[in-house]
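Below is one structure, written out as structure tokens, with a few remarks after it.
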Amino acid sequence: MRSITLFAPATVANVSCGFDLLGFALESVGDQMLIRENNVNQLRITKIEGQMLPMQTEQNVAGVAGLALLNQLNTKQGFDIEIYKKIKPGSGIGSSAASAAGAVFGLNELLGKPFSSIELVAFAMKGEALAGGAEHGDNVAPCLLGGFTLIQSYNPLRVVSLPTPEALSVVILHPQIEVKTADARNLLKQQVSLKKAVRQSGYLGGFVAGLFQNDYDLLAASLRDEWVESSRSVLIPAFDEMKAAALASGALGFGISGSGPSVFALCKGVEIAKKTAQAIRHVFDKTAIPYDLHHSEVNPQGIKTL
Ligand code: HSE
């Protein structure tokens with residue numbers, strides 16, 4: 001029976017300026033998965049280590065995404081999936097995305113690559129819908145493609161890979177509290193004013209231009225969120241203080257990673273990233289809530305076979 005073992009990276013979605021559209025992959029955090037052919041004509045989740053998650057295929061994000069792919073192909077071939085979870089569900093760094101994207105990537109490889117990367121993004125989004133109630137692609141796209149990605153359009157689905165300026169360095173603080181994506185989405189206002197929409201479009205366009213032009217000042221001026229942050233940051237203890245400390249340390253920007261509770265800072269260079277990490281650690285220590293602090297580069301490759 002053929003099998004594949006892979007690493008599916010954690011991801012930061014929204015990146016402040018691109019709600020549901022922009023995301024990037026992390027280098028140092030991610031899940032491992034093993035996918036193996038079976039001869040029972042079924043897709044099964046046979047093992048999950050590291051977290052308590054549903055084993056029933058239809059209730060597991062990897063299962064749902066995998067079924068979407070297999071149904072499209074109309075194949076009888078069955079597969080077993082083992083998931084070794086390092087990314088906590090509800091952490092805001094793309095836990096469900098890693099499982100969903102890992103499943104469709106692995107199945108596609110074992111089946112001889114019948115689907116394109118964009119098609120894999122679409123299948124993986126079915127898993128996201130199970131986890132968070134919405135088919136958003138801003139975690140699964142960077143997980144599958146690596147680097148920064150932009151969903152230019154959902155219908156039809158069009159995903160653009162963006163360049164990563166060399167000196168970008170990332171700090172992630174993950175408070176050990178759980179925020180469900182579905183709950184965090186329910187907090188959002190369903191309407192924004194035209195003025196805010198204009199400003200936010202400028203930030204997203206500016207950020208994308210900054211990536212292409214290696215313009216760190218433009219990136220810093222564009223890492224802003226007038227749509228979502230104020231509704232969600234109330235769920236994250238010491239958010240405003242951490243943001244002030246990160247910006248005072250020279251970070252280009254600081255915001256909520258995906259739907260939280262993790263927060264991220266993008267920095268120019270490792271030295272500023274270290275200083276920023278220290279500063280937000282110092283602030284968050286006062287809350288007495290346990291946390292993980294990760295330092296990472298942007299992962300250029302996305303999912304990789306081990
Ligand atoms: N764009 C999604 C949201 C990302 O903010 O709800 C969830 O990780």
Side-chain angles (χ1 to χ4, degrees), residues 8-26 29-31 51 53 61-62 64-65 85 87-102 121-122 124-145 148-155 157 159-160 162 170 172-175 177-192 200-201 203-204 207-208 223-236 239 253-264 266 294 296 299 302:
T11 43
V12 172
N14 299 337
V15 202
S16 297
C17 55
F19 176 68
D20 271 1
L21 304 176
L22 190 63
F24 66 85
L26 293 170
V29 198
D31 291 344
Q51 296 293 328
L53 289 166
V61 294
V64 167
K85 282 230 70 84
I87 316 171
K88 281 208 178 100
S91 59
I93 48 172
S95 178
S96 52
S99 297
V121 171
M125 280 165 49
K126 301 285 178 202
E128 288 289 57
L130 177 74
E135 281 193 29
H136 64 89
D138 49 342
N139 289 107
V140 293
C143 185
L144 280 158
L145 303 173
F148 281 88
T149 58
L150 176 76
I151 313 274
Q152 183 271 340
S153 145
Y154 273 99
N155 190 13
L157 184 64
V159 183
V160 186
L162 305 169
V170 191
I172 304 277
L173 185 137
H174 170 211
I177 51 177
E178 187 183 354
V179 173
K180 291 204 165 74
T181 298
D183 296 340
R185 292 185 83 85
N186 283 337
L187 286 177
L188 301 180
K189 298 192 189 92
Q190 291 305 308
Q191 284 178 343
V192 290
Q200 197 60 48
S201 305
Y203 301 148
L204 178 56
F207 189 82
V208 171
L223 277 165
R224 298 196 181 165
D225 175 2
E226 295 197 20
W227 288 353
V228 171
E229 187 174 284
S230 60
S231 305
R232 285 179 168 174
S233 59
V234 291
L235 299 177
I236 303 169
F239 179 86
F254 176 93
I256 304 172
S257 174
S259 54
S262 288
V263 292
F264 76 98
L266 271 178
H294 304 289
S296 179
N299 171 343

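We count ligands from 1, going down the list as the structure has it; atoms in each ligand are counted the same way. From a predicted model like this one, the values you see are computed outputs, not experimental measurements.
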message: Would you say that more than 12 heavy atoms from the other residues, nucleotides or ligands in this model lie under 6.0 Å from the NZ of K126, or not?
response: no
field: Ligand-residue contact atoms, ligand 1 with N14, heavy atoms, under 4.0 Å
entry: 1 (N), 2 (C), 3 (C), 5 (O)
query: Hey, which atoms in ligand 1 end up nearer than 4.0 Å to a heavy atom of D20?
result: 1 (N), 2 (C), 3 (C)
- prompt: Counting only heavy atoms, which portion of E128 has something under 4.0 Å from ligand 1: side chain, backbone, both, or neither?
  reply: neither
Polar contact flag, side-chain donor to acceptor under 3.5 angstrom, S99-K85: yes
field: Intermediate values then yes/no, salt bridge (charged side-chain N to carboxylate O under 4.0 Å, His left out), R185 and D20
entry: CA-CA 11 Å; R185 292 185 83 85; D20 271 1; 2.7 Å; yes
message: Please list, in number order, the atoms of ligand 1 under 4.0 Å from a heavy atom of R232.
response: 3 (C), 5 (O), 6 (O)
message: Using modelled atom types and a 3.5 Å cut-off, is there a donor and acceptor pairing between side-chain atoms of S95 and backbone atoms of I87?
response: yes
- request: Determine the interplanar angle of the F24 and F148 rings, folded into 0 to 90°, and report it as parallel if under 30°, tilted if 30 to 60°, perpendicular if over 60°.
  value: tilted
- prompt: F19 heavy atoms, cut-off 4.0 Å: which ligand 1 atoms fall inside?
  reply: 3 (C), 5 (O)
query: Of all the heavy atoms in A184, does at least one lie under 4.0 Å from an atom in ligand 1?
result: no
Per-residue contact class, N139 against ligand 1 - non-hydrogen pairs under 4.0 Å: side chain
message: If the cut-off is 4.0 Å to any non-hydrogen atom of D138, which atoms of ligand 1 fall inside it?
response: 1 (N), 2 (C), 4 (C)
query: Are the side chain of Q200 and the backbone of E226 linked by a donor-acceptor contact shorter than 3.5 Å?
result: yes
- request: Consider every N or O of R185 and every N or O of ligand 1, then say whether any pair is closer than 3.5 Å.
  value: yes
